[in-house]
Amino acid sequence: DAGITQSPRHKVTETGTPVTLRCHQTENHRYMYWYRQDPGHGLRLIHYSYGVKDTDKGEVSDGYSVSRSKTEDFLLTLESATSSQTSVYFCAISDPGQAIYEQYFGPGTRLTVT
Amino acid sequence: KQEVTQIPAALSVPEGENLVLNCSFTDSAIYNLQWFRQDPGKGLTSLLLIQSSQREQTSGRLNASLDKSSGRSTLYIAASQPGDSATYLCAEYGQNFVFGPGTRLSVLP
């Protein structure tokens, strides 16, 4: 298994509070991604990073921000959590250096906003 | 907009059957296609990746094919086992990764 960890694994928070999810990798892969998975919508890309301090928006980026100050860490922040952000969040990595772009996923974080 | 669909949405088969899962995509400039397995409450596990220049990839009882001209990929599972029960997702990589909704497979003992 690829060395990807996510923290916390479970979190319950109240509407309006800030929340930060962390993804940590030990593979030295250049690309990192944040997805959310919801019934009926499948996996949707929130933000991605193609290098330290280089990030871009995905399909569902509103209400989310990201930061990547080190190769191994990619943070996802919900500035003011809403009930619509209740979801399972997955981090993924890939490495374009092999020109294959195979993605590997972390175990996920289950977030509940009450 | 890139779209990926998977048929069927759910499938139940007796143990030992060979089966085919289907994935269709609209992106003509696909770079690669990847098949994943997801167990309930878990993350996605990569099964097979087919680059756009390839026609198929094999790993054990799994074989994945890619036909760019028709926008289709299939995942063939031979001699299915109850441990194969999971949701199978395909994802195409063009400009970005786009995932299908998945096929939920149940293999009955």
Side-chain angles (χ1 to χ4, degrees), chain A residues 1-10 21 23-25 27 29-50 55-61 87-112, chain B residues 1-10 21-27 29-54 56-57 59 62 64 66 73 75 86-104:
Chain A
D1 291 345
I4 309 170
T5 56
Q6 293 185 232
S7 58
R9 294 293 314 281
H10 302 271
L21 308 183
C23 177
H24 179 78
Q25 60 144 330
E27 305 296 322
H29 280 22
R30 180 179 163 194
Y31 284 24
M32 298 185 75
Y33 310 80
W34 277 108
Y35 293 90
R36 60 178 290 173
Q37 187 175 38
D38 305 286
H41 292 280
L43 271 157
R44 293 179 291 176
L45 182 65
I46 304 171
H47 281 281
Y48 64 99
S49 169
Y50 42 92
T55 64
D56 207 346
K57 297 178 180 180
E59 178 187 358
V60 290
S61 59
S87 185
V88 180
Y89 291 85
F90 288 102
C91 173
I93 64 174
S94 69
D95 189 36
Q98 299 177 32
I100 297 177
Y101 296 93
E102 185 166 6
Q103 270 201 330
Y104 301 95
F105 277 76
T109 293
R110 184 173 296 275
L111 177 67
T112 302
Chain B
K1 180 183 175 184
Q2 304 161 261
E3 289 189 20
V4 177
T5 57
Q6 292 187 246
I7 296 173
L21 307 181
N22 297 289
C23 172
S24 297
F25 50 91
T26 58
D27 187 0
I30 184 174
Y31 194 82
N32 68 40
L33 189 130
Q34 194 169 356
W35 282 93
F36 297 87
R37 170 191 173 130
Q38 186 175 28
D39 294 288
K42 304 291 186 181
L44 280 71
T45 299
S46 179
L47 296 174
L48 289 165
L49 180 144
I50 312 175
Q51 298 180 68
S52 61
S53 59
Q54 300 172 327
E56 65 178 67
Q57 284 286 336
S59 176
L62 306 180
L66 176 64
S73 176
L75 179 66
T87 296
Y88 292 81
L89 298 99
C90 65
E92 64 99 350
Y93 180 62
Q95 297 178 1
N96 247 320
F97 287 96
V98 179
F99 284 79
T103 293
R104 189 169 64 253

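On a predicted model such as this, the values are computed, not experimentally measured, just so you know. As a basis for the values below, the full set of heavy atoms in this structure was taken, side chains included, without hydrogen atoms, waters or symmetry mates. Below, chains carry the letters A, B, ... as their sequence lines are ordered, and counting in each starts from 1.
- Taking Tyr33(A) as the reference, Phe97(B) meet the ring pair (Phe, Tyr, Trp, His ring centres under 6.0 Å) condition, with sequence neighbours excluded.
- Using a 4.5 Å cut-off between heavy atoms, Leu45(A) touches chain B through its side chain atoms alone.
- The contact between Gln38(B) and chain A is made entirely by side chain atoms (from C-beta outward), counting heavy-atom distances below 4.5 Å.
- To the nearest 0.5 Å, atom CD of residue Gln51(B) and atom OH of residue Tyr101(A) are 11.0 Å apart.
- Taking a 6.0 Å sphere around CZ of Arg44(A), one finds it holds more than 12 heavy atoms contributed by other residues, nucleotides or ligands.
- Of all non-hydrogen atoms in Gln103(A) and Phe36(B), the two that sit nearest each other are O-CE2, 3.6 Å.
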